[in-house]
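I have placed the structure first, in the form of structure tokens, so that the comments after it can refer back to it.
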Amino acid sequence: MSSFFRRPHPPTTTPQPEPDPPESPRALAQAIEGQIEFVNRNAGRLPVESVVLARRVTDAASDVVDLAASAELEMQLALTVRKIVTDYLPTALRTYLALEADAVELSSAQGITPRQALTQQLADLWAGAIDLRSAAQSRDADALVSHGAFLRTKFSGSDLDL
């Protein structure tokens with residue numbers, strides 16, 4: 001009878017840490033690492049120039065995330081990096097890899113081959129990633145200049161006159 005009146009005890013479990021938001025530097029770095037692994041794993045099936053361009057895209061995206069390691073990554077930059085490494089880059093690569101080997105050199109109605117189309121898409125992604133890196137760098141430079149102006153105002157002139 002005593003078991004009838006006992007309350008069941010919930011199992012003791014350690015709470016799981018909440019996952020990082022998808023735009024956090026750590027989550028973005030993991031996504032970039034995943035794309036690097038994907039490119040490396042498929043390097044034998046991708047054109048050499050595409051492998052190089054894809055790695056340039058991941059390197060530039062990684063630079064943006066690294067620039068934000070000491071400060072919060074601006075949301076628009078973070079969203080764009082996330083879209084590049086989780087959507088635009090993998091979509092271009094997977095679409096190409098889904099083609100039959102003999103179809104990659106056939107010209108389309110637009111007069112370009114899938115190989116050329118992939119190269120152009122990756123070049124466009126790289127240009128976009130370079131622009132993101134420049135934006136992140138100039139934001140950091142602007143912050144440094146602003147901080148310098150603050151320091152000049154704070155510690156020059158009448159504030160320090162005794």
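These numbers come from the heavy atoms of this one structure, side chains and all, not from hydrogens, waters or symmetry mates. All values derive from a computational prediction rather than experimental measurement.
Among residues two or more places apart in sequence or in another chain, the salt bridge (Lys or Arg N to Asp or Glu O under 4.0 Å) test is passed with R82 by E23. Applying the side chain to side chain contact (heavy atoms under 4.5 Å, CB included) criterion to A117, with sequence neighbours excluded, gives I112, Q121. Listed by chain and number, the residues in a side chain to side chain contact (heavy atoms under 4.5 Å, CB included) with T119 are E49, S50, L53 (sequence neighbours excluded). Every residue two or more places apart in sequence or in another chain that forms a side-chain hydrogen bond (donor to acceptor under 3.5 Å, both in side chains) with T113 is listed here: Q116.
Here the CD-CG distance, from Q137 to L132, works out to 11.0 Å after rounding to the nearest 0.5 Å.
Under the 4.5 Å side-chain contact rule for hydrophobic residues, L122 and V52 do not share a cluster.
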Just list the side-chain donor-acceptor pairs under 3.5 Å for residues 88-102, sequence neighbours left out, or say none.
{"residue": "T91", "atom": "OG1", "partner": "D87", "partner atom": "O", "Å": "2.7"}
{"residue": "T91", "atom": "OG1", "partner": "D87", "partner atom": "OD1", "Å": "3.1"}
{"residue": "T95", "atom": "OG1", "partner": "T91", "partner atom": "O", "Å": "2.6"}

Contacts table for residues 29-42: side-chain donor-acceptor under 3.5 angstrom, sequence neighbours left out:
{"residue": "N40", "atom": "ND2", "partner": "I36", "partner atom": "O", "Å": "3.4"}
{"residue": "N42", "atom": "OD1", "partner": "R45", "partner atom": "NH1", "Å": "3.3"}
{"residue": "N42", "atom": "ND2", "partner": "F38", "partner atom": "O", "Å": "2.9"}

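The shortest non-hydrogen separation linking A60 to A129 is CB-CB, 3.6 Å. Closest approach of A136 and L67 over heavy atoms only: CB-CD1, 3.7 Å.
Judged purely by atom type and a 3.5 angstrom limit, T58 uses its side chain to pair as donor or acceptor with the backbone of R55.
Pairs engaging residues 117-135 under the salt bridge (charged side-chain N to carboxylate O under 4.0 Å, His left out) rule: D63-R133 [sequence neighbours left out].
Taking the side chain as every heavy atom from C-beta outward, L28 and S24 never approach each other to under 4.5 Å.
Membership of the apolar cluster around M75 extends to L79, as traced through chained side-chain contacts below 4.5 Å between ILVMFWY residues.
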